[in-house]
K.L.:
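Following this message is one structure expressed as structure tokens.
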Amino acid sequence: MHGELIYPFLLCSGLLAGFIDAIVGGGGLITIPALLFAGLSPHLALGTNKLAATAGVFSSTWVYLRKNIYRLQLWLWVVLAAFIGAVFGTVCIHFLSATWLSKIIPFLLIVIVIYMSLPKTLKSKGQGMAYRPPKTTSGLTGLLLGFYDGFFGPGTGSFWTTILIALFKLDILQATAIAKLMNFTSNIASAIIFAYYGTINYSLGFALMIGYIIGSYTGAHSAIKHGRRLIKPLFLILVTAIAIKMLWH
């Protein structure tokens with residue numbers, strides 16, 4: 001891609017990814033292919049994506065926290081587990097060569113798209129703000145999903161949302177809000193490790209970040225305002241469109 005087109009291209013990619021990610025997750029399914037298309041190596045694409053996603057997810061996380069949809073102190077154990085898992089996942093990805101990683105990424109993207117395309121019953125009456133998740137189950141969930149987010153990432157928010165509804169019986173708005181908190185935690189842990197290894201392109205990352213922040217902020221407010229009426233249809237439309245696009249190419 002020509003240099004003068006890369007920045008507006010990534011800005012627009014960030015806007016779309018941030019909006020979608022704040023509501024249903026899966027923003028990385030847009031941003032990682034965009035960064036690879038812009039000419040970055042696999043490790044740089046993953047690291048640069050984490051930089052932008054961290055800022056974008058913080059934007060939506062902050063919106064949800066201010067709306068008091070859940071009590072942060074009741075989920076701190078899970079936050080810690082997700083952070084630890086993400087650190088280990090990001091360290092592990094640096095032991096893979098760029099050649100192997102370039103072969104693995106398309107396969108992982110397709111697997112995640114297929115998972116997200118499967119029909120899911122996203123219904124629950126909710127546990128209320130005072131719900132305290134069981135330590136063992138929630139801790140293991142945090143470690144595993146944190147590791148995945150550090151190792152690769154796309155779809156993590158959707159995994160969290162689905163598990164929080166199915167396993168912990170939260171309603172869809174609560175699950176979406178807590179998923180953003182966990183996603184932010186693993187993103188910032190992963191971004192720190194990528195920065196340590198020097199696998200972040202900061203100039204492209206900041207272009208993507210600006211779009212991600214604006215899109216995430218807008219998406220979070222849209223989710224709160226419209227709830228299930230927006231979240232579930234957008235979830236299904238998003239994954240179907242991505243699946244068709246990837247299969248077509």
Side-chain angles (χ1 to χ4, degrees), residues 1-3 5-14 16-18 20-21 25-58 82-113 115-116 143-159 182-213 216 242 245-246 249:
M1 177 178 288
H2 295 294
L5 299 177
I6 291 177
Y7 293 99
F9 168 71
L10 291 178
L11 179 66
C12 292
S13 298
L16 177 60
I20 290 170
D21 198 64
L29 289 168
I30 297 170
T31 54
I32 289 178
L35 288 164
L36 291 170
F37 182 72
L40 295 187
S41 68
H43 286 100
L44 273 174
L46 292 173
T48 304
N49 176 67
K50 283 300 176 190
L51 176 67
T54 299
V57 175
F58 173 77
F83 189 95
I84 294 170
V87 168
F88 279 104
T90 311
V91 170
C92 287
I93 200 71
H94 284 89
F95 284 95
L96 293 177
S97 70
T99 302
W100 275 102
L101 200 53
S102 64
K103 295 178 180 178
I104 292 172
I105 285 178
F107 172 75
L108 288 175
L109 286 171
I110 291 172
V111 170
I112 301 307
V113 168
Y115 162 79
M116 293 176 68
L143 280 172
L144 290 173
L145 290 183
F147 181 90
Y148 168 75
D149 200 14
F151 188 84
F152 186 50
T156 304
S158 297
F159 293 158
M182 301 305 166
N183 212 177
F184 169 69
T185 300
S186 51
N187 271 336
I188 196 168
S190 182
I192 291 169
I193 302 301
F194 274 115
Y196 172 79
Y197 280 101
T199 45
I200 295 177
N201 184 311
Y202 288 97
S203 62
L204 297 184
F206 284 126
L208 191 64
M209 181 192 296
I210 292 170
Y212 221 117
I213 290 172
S216 294
I242 291 174
K245 180 180 182 299
M246 293 187 70
H249 290 283

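All figures in this text were calculated on a predicted structure; none of them were measured in a lab. Every heavy atom of this structure was used, including side-chain atoms; hydrogens, water molecules and symmetry mates were not.
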K.L.:
So, for H43 and F194, which heavy atoms are closest and what is the spacing to 0.1 Å?
P.N.:
O-CE2, 4.0 Å
K.L.:
Working to the nearest 0.5 Å, report the span between CG of L51 and CD1 of I188.
P.N.:
10.5 Å
K.L.:
Output yes when a side-chain donor or acceptor of T54 lies under 3.5 Å from a complementary backbone atom of N187, and no otherwise.
P.N.:
yes
K.L.:
What pairs with F147 under side-chain contact (heavy atoms from CB on, under 4.5 Å), at least two apart in sequence or on another chain?
P.N.:
F88, C92, F151
K.L.:
Atom CG of N201 and atom CG of L44: how far apart are they, to the nearest 0.5 Å?
P.N.:
6.5 Å
K.L.:
How would you list, by chain and number, every residue that makes a side-chain contact (heavy atoms from CB on, under 4.5 Å) with S216, sequence neighbours excluded?
P.N.:
A22, S59, S60, Y212
K.L.:
Is there side-chain contact between L96 and I93, with at least one heavy-atom pair below 4.5 Å?
P.N.:
yes
K.L.:
Would you indicate whether the side-chain heavy atoms of L208 and L204 approach each other to under 4.5 Å?
P.N.:
no
K.L.:
Can you list every side chain to side chain donor-acceptor pair (under 3.5 Å) pair that touches residues 85-95, not counting sequence neighbours?
P.N.:
T90-S190, H94-T199
K.L.:
Should we count OH of Y197 as having more than 12 external heavy atoms under 6.0 Å?
P.N.:
yes
K.L.:
Out of curiosity, I200 CD1 to L40 CG, how far, rounded to the nearest 0.5 Å?
P.N.:
11.5 Å
K.L.:
With rounding to the nearest 0.5 Å, note down the distance linking CZ in F184 to CG in D149.
P.N.:
12.0 Å
